Amino acid sequence: MRFITGCAVLAIFFSASTHANPLIDQLIGVTNQYLEREVSEYARSLGGEPRHEIRLSRLDARLRLPLCAEDALSAQLESPDVPIGRVTVRVTCNGPSPWRLFVPAQVSLYQHVVVSSRPLQRRDVVSAQDVRLAERDTGLLGNNYLLDPAQAIGMQLKRNVNADTVLGHTQLERNRLVQRGDKVVISAGNASVDVRMPGEALEDGTLGAQIRVRNTRSNRVVRARVTGPGQVEVGM
């Protein structure tokens, strides 16, 4: 714990001491009240009413600072930007004997997120039967989770996953309809002409992506748009 006299700036750590300390009671009260308000407001902004839990780190009962008048006491989120996960609340006393304390806490916000309903393999394309919703503490997930199964369906897995794995953006990518080395049909045409040529994909491609392909008749490399499995199109 670090101390700076005058306006005290303190980091609160764990302590085995259980001696009563009015300052600790004041810190617990103001921090809990602040977090309850902030977390409830944040939860409402997400839609619905996801349940939450707030757990303050045990505070050091050896702290010896004057109690602060209620109208001189304030709390503000120090980190991160949203009141979820591991958070730190800055509690400030602006009274005659000013001080500042940093109180750590763990905030759990339980939401229904997309999880795998069975083991899935790398490059599997996710179907409706492969996913379900399950309640998880999103405070432990960062931003790597999905709230709607439709966000996962049709996507391709980057790696193997076990059943009941939370699916997020780091595990999924758009379905690659064409992979490097695949034989493809190159289409070129307009309203009156339709030309088809054999080719080879030089890059992976998802639907609508522009990739390099080689015309295996002329050996010419062109850029073409992926229109379907094994199908690409070039402009005329």
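When reading the values below, keep in mind they use all heavy atoms of this one structure, side chains included, and skip hydrogens, waters and symmetry mates. Note that this is a predicted model, so its numbers are computed, not measured.
- The structure places CG of Asp204 at 4.5 Å from CZ of Arg176, a figure rounded to the nearest 0.5 Å.
- Taking CG of Leu23 as the reference point, atom CG of Leu63 lies at 6.0 Å (rounded to 0.5 Å).
- Residues satisfying the side chain to side chain donor-acceptor pair (under 3.5 Å) test with Gln231, not counting sequence neighbours, are none.
- Taking each heavy atom of Val178 and Val226 in turn, the nearest pair found is CG2-CG1, 4.0 Å.
- Within the 3.5 Å criterion, the main-chain N or O of Cys68 finds no donor-acceptor partner in the side chain of Trp99.
- Checked against salt bridge (charged side-chain N to carboxylate O under 4.0 Å, His left out), Asp164 has the following partners two or more places apart in sequence or in another chain: Arg132.
- Within 6.0 Å of CZ on Arg159 lie more than 12 heavy atoms contributed by other residues, nucleotides or ligands.
- By the criterion of side-chain heavy atoms lying less than 4.5 angstrom apart, applied directly or through intervening Ile, Leu, Val, Met, Phe, Trp or Tyr residues, Ile84 is not grouped with Leu146; the two fall into different hydrophobic clusters.
- With hydrophobic clusters built from ILVMFWY side chains whose heavy atoms lie under 4.5 angstrom apart, Val113 does not share a cluster with Leu120.
- Around the CZ atom of Arg180, the shell of radius 6.0 Å holds no more than 12 heavy atoms that belong to other residues, nucleotides or ligands.
- Within the model, atoms CD1 of Ile153 and CG of Asn175 stand 13.5 Å from one another, a figure rounded to the nearest 0.5 Å.
- For the pair His169 and Asn144, the tightest heavy-atom approach, listed with the atom from each and the gap, is N-OD1, 2.9 Å.
- In this view, Glu203 satisfies the side chain to side chain donor-acceptor pair (under 3.5 Å) rule with no residue, not counting sequence neighbours.
- Evaluation of the salt bridge (charged side-chain N to carboxylate O under 4.0 Å, His left out) rule for Glu36 yields no partner, not counting sequence neighbours.
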**Request:** Begin with the C-alpha distance, continue with both residues' side-chain angles, and end with the deciding distance and a verdict on side-chain contact (heavy atoms from CB on, under 4.5 Å) for Asp137 and Leu141.
**Result:** CA-CA 7 Å; Asp137 177 6; Leu141 301 178; over 6 Å; no

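- In this structure, Gln210 CD and Glu233 CD are separated by 9.5 Å, a value rounded to the nearest 0.5 Å.
- Residues Val87 and Glu78 form no side-chain contact, since every pair of their non-hydrogen atoms from C-beta on lies 4.5 Å or further apart.
- Between His52 and Ser40 there is a side-chain heavy-atom pair separated by less than 4.5 Å.
- Of all the heavy atoms in Ala201 and Val213, the pair that sits closest is CA-CG1, 4.1 Å.
- Judged as a salt bridge (charged side-chain N to carboxylate O under 4.0 Å, His left out), and not counting sequence neighbours, Arg136 has no contacts.
- With rounding to the nearest 0.5 angstrom, the CG atom of Asp60 is 11.0 Å from the CG atom of Leu27.
- Placement of Val30 and Leu59 within a single hydrophobic cluster is found when ILVMFWY residues are connected by side-chain heavy-atom separations under 4.5 Å, directly or transitively.
- Val89 and Leu73 fall within a single hydrophobic cluster, where Ile, Leu, Val, Met, Phe, Trp and Tyr side chains are chained together by heavy-atom contacts under 4.5 Å.
- Looking at every heavy atom in both residues, Gln106 comes nearest to Arg86 through OE1-CG, 2.9 Å.
- More than 12 non-hydrogen atoms from other residues, nucleotides or ligands lie less than 6.0 angstrom from CD of Glu135.
- Remark: the Thr138 side chain and the Gln111 side chain contain an N/O donor-acceptor pair separated by less than 3.5 Å.
- Between Tyr42 and Pro83, the shortest heavy-atom distance links the atoms CB-CG, 4.1 Å.
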**Item:** Test log, rule side-chain contact (heavy atoms from CB on, under 4.5 Å), inputs Arg90 and Thr88
**Value:** CA-CA 7 Å; Arg90 182 172 72 246; Thr88 300; over 6 Å; no

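- In this structure, Glu200 and Val184 approach most closely via the heavy-atom pair N-CG2, 3.9 Å.
- When side chains are defined from C-beta on, Leu56 counts as touching Leu35, because their heavy atoms get closer than 4.5 Å.
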**Asked** Could you go step by step and tell me if Glu38 and Val82 meet the side-chain contact (heavy atoms from CB on, under 4.5 Å) rule?
**Response** CA-CA 9 Å; Glu38 292 297 306; Val82 294; over 6 Å; no

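- Residues Leu140 and Leu109 do not share a hydrophobic cluster, defined by chaining ILVMFWY side chains whose heavy atoms lie under 4.5 Å apart.
- Here Arg55 pairs with Glu53 under the salt bridge (charged side-chain N to carboxylate O under 4.0 Å, His left out) rule; sequence neighbours left out.
- Checking Ile211, Val185, Thr227, Asp182 one by one against Val232, the side-chain contact (heavy atoms from CB on, under 4.5 Å) holds for a single residue, Ile211.
- Exactly one residue among Leu167, Asp130, Val131, Val126 makes a side-chain contact (heavy atoms from CB on, under 4.5 Å) with Pro149. That residue is Val131.
- Between the CG atom of Leu133 and the CG atom of Asp148 there is a distance of 7.5 Å, given to the nearest 0.5 Å.
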**Request:** Please step through side-chain contact (heavy atoms from CB on, under 4.5 Å) for the pair Arg214 and Leu202, ending with a clear verdict.
**Result:** CA-CA 7 Å; Arg214 177 183 290 111; Leu202 302 180; 3.4 Å; yes

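- The closest donor-acceptor contact from the side chain of Thr165 to the backbone of Ser116 lies at 3.5 Å or more, if one exists at all.
- With hydrogens and angles disregarded, no donor-acceptor distance shorter than 3.5 Å links the side chain of Gln171 to the backbone of Leu157.
- Atom CG of Asp194 has more than 12 neighbouring heavy atoms from other residues, nucleotides or ligands inside a 6.0 Å radius.
- Proximity of a side-chain donor or acceptor of Asn215 to a complementary backbone N or O of Val222 within less than 3.5 Å is not detected.
- For the pair Ser117 and Gln129, the minimum side-chain heavy-atom distance is 4.5 Å or more.
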